[in-house]
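Order of appearance sets the numbers: ligands from 1, and atoms from 1 within every ligand. Predicted model, so just to flag it, every value in this text is computed and none were measured. Every heavy atom of this structure was used, including side-chain atoms; hydrogens, water molecules and symmetry mates were not.
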Amino acid sequence: FKQKTAYEISACLVGSEMCIRDRYNPCLMKWTKDSWKNFEAKQMPAYADQGNLDSVIEELSSMPPLIFAGETRSLKSQIYQVQKGESFYLQGGDCAESFQELNPNTIRDNFKLLLQMSVVLTFATNKPVVKLGRMGGQFAKPRSSDFEEKNGQKLPSYRGDIINSFEFNESSREPDPKRMIRAYNHSASTLNLLRAFAQGGFASLTQLNKWNLDFADNFDTTKKFKELSEKIAESIKFMNACGVNEKNTRELRETDFYTSHEALLLPYEQAFTRIDSTTGEWYNVNSHFLWVGDRTRDPNGAHIHYLSGIKNPLGLKVGPSTTIDDLKKNIEILNPENEGGRLTLIVRMGADKINSKYPDLLKEINKLGLNLTWICDPMHGNTSTSKSGYKTRATENIFKEIQSFFEIHKSEGSVAGGVHLELTGLDVTECVGGPDDIKDENLGDRYHTFCDPRLNVNQSLELSFLLADLLSNGEMN
Ligand code: PEP
Ligand code: CO
């Protein structure tokens with residue numbers, strides 16, 4: 001009796017062809033919300049006391065869900081529209097949310113910025129924009145090293161506020177399971193406010209002029225946005241005259257906004273894995289959309305296994321080290337029924353690698369003719385260290401990678417669905433370049449990120465105008 005590999009077991013658990021053929025070696029293990037424990041889980045913190053961890057997971061397991069399964073089904077069908085080229089996909093927010101930065105203004109400003117960007121994109125493409133925030137749960141971070149060394153002291157790396165604390169001392173860096181309860185409470189209050197913004201009138205297209213971020217008043221991008229707002233206001237007046245207005249048309253009055261985060265800290269995700277009473281299927285009810293990171297996407301690993309059993313729409317990062325074979329395996333495990341909108345491939349090659357690494361991969365996978373949505377993350381392959389020692393990204397490289405991504409898709413006759421960005425509505429100086437021409441020596445001015453450098457408001461708006469041009473073949477200028 002041959003021992004199954006983890007990949008074969010995962011294939012079995014999702015009932016794939018490969019397992020059905022393998023009838024002499026029946027699957028002995030069913031997927032459950034904690035069956036990920038039978039696989040290697042990378043990037044997991046070492047909690048000192050198992051008892052404390054278990055009691056936190058038990059407490060979280062009885063907490064109310066943050067989202068409803070039905071909402072994730074709507075999102076899935078919207079992502080399917082993206083795959084068909086009928087909508088544009090915009091996902092963005094902090095690299096890592098922090099407990100400290102959580103306040104109503106930050107949430108409002110990130111939300112405003114994403115709304116502004118989606119208006120620019122809708123105007124350019126005449127397509128709706130599917131909006132996902134890296135918000136309301138983006139607290140856990142994978143790290144390239146388990147330890148950080150400073151002045152001869154070696155401590156565990158900071159892994160996001162849901163796990164430990166940023167300060168460099170022994171007690172701060174000790175993973176504390178109770179932080180998961182704080183993360184849940186923060187996510188709940190973030191989501192509560194986002195729902196109010198999205199549905200309570202703030203997101204109404206008639207409020208467009210109120211989405212401007214005050215401190216950004218003097219910049220060209222903001223002026224450009226104001227001009228666009230005026231054109232939209234004119235169109236709305238015309239629609240009103242024809243009888244289409246806020247009162248009778250939901251689309252003018254409110255918007256759909258979804259949350260997403262990296263499914264990294266599996267005990268936490270497990271606590272929010274529940275059966276949906278209307279379908280009897282398993283869903284993660286903490287976030288609408290979950291993705292697996294570039295460091296945890298091993299087809300034999302615990303993260304892929306966990307995600308295979310839930311029905312939410314999923315993302316899979318595709319980096320320069322992704323092999324065609326592993327990608328095929330992950331696609332089979334994560335989307336065995338070839339469902340539209342289920343799987344979004346988030347490509348993050350880097351501006352210098354995308355042209356050599358991506359076309360072959362895309363060609364090979366396209367040959368399978370499967371339902372997949374491709375989007376570009378131009379952030380994570382373009383991180384460098386500035387002379388002054390800050391982790392930064394050049395907007396120039398970010399734009400370049402996006403441009404290459406769209407060109408490659410065009411030449412392959414395949415739909416480029418949208419973008420996945422790290423950005424903030426705060427006026428930070430973390431990425432170099434952009435309308436205010438941030439240079440290496442300016443990075444220290446307002447460098448607030450706890451993890452990766454984010455685009456600020458002007459850089460984000462500039463990027464949305466650039467995208468708009470790419471999508472409308474230069475008609476925006
Ligand atoms: C991230 O999205 O913050 C991240 C860590 O990305 P990746 O897994 O692609 O490196
Ligand atoms: Co990041």
Counting both backbone and side chain atoms, is some N or O of D452 under 3.5 Å from an N or O of ligand 1?
no
Q43, portion touching ligand 1 at heavy-atom distance under 4.0 Å
neither
Heteroatom of D452 nearest to the Co ion (ligand 2) (N, O or S, atom name):
OD2
Are D161 and R182 within salt-bridge range, i.e. N to O under 4.0 Å?
no
Ligand 1 versus M379: contacting region, heavy-atom distance under 4.0 Å
neither
Is ligand 1 under 4.0 Å from a heavy atom in the side chain of P142, in the backbone, in both, or in neither?
side chain
If the threshold is 4.0 Å, N to carboxylate O, is there a salt bridge linking R393 and E401?
no
Is the ring centre of F39 less than 6.0 Å from the ring centre of Y306?
no
If I consider every N, O or S atom in E422, which one ends up closest to the Co ion (ligand 2)? I only need its name.
OE2
Run the numbers on E364 and K367 for salt bridge (Lys or Arg N to Asp or Glu O under 4.0 Å), then give the verdict.
CA-CA 5 Å; E364 275 307 304; K367 279 187 200 156; 2.8 Å; yes
Heteroatom N/O/S of C451 within less than 2.8 Å of the Co ion (ligand 2):
no
Aromatic contact, F111 with F257 (centres under 6.0 Å)
yes
If we ignore angles and hydrogens, is there a donor and acceptor under 3.5 Å between the side chains of E167 and S165?
yes
Can you find an N/O atom of E262 closer than 3.5 Å to an N/O atom of ligand 1?
no
The one among H380, R348, K317 that brings a heavy atom closest to atom 10 (O) of ligand 1:
R348
G293 neighbourhood, listing ligand 1 atoms whose heavy-atom distance to it stays under 4.0 Å
8 (O)
Report yes if R295 has an N/O atom closer than 3.5 Å to an N/O atom of ligand 1; otherwise report no.
yes
Looking only at protein heavy atoms, which one is nearest to atom 8 (O) of ligand 1, and what is the separation?
D294 N, 2.8 Å
Output the atom name for the N/O/S atom of H380 with the smallest distance to the Co ion (ligand 2).
NE2
Basic-acidic side-chain contact under 4.0 Å: D146, R143:
no
side-chain hydrogen bond (donor to acceptor under 3.5 Å, both in side chains) with H261: which of E269, Q138, E97?
E269
Short N-O contact, K178 and E59, less than 4.0 angstrom:
no
Which of the numbered atoms in ligand 1 are below 4.0 angstrom from a heavy atom of R134?
1 (C), 2 (O), 3 (O)
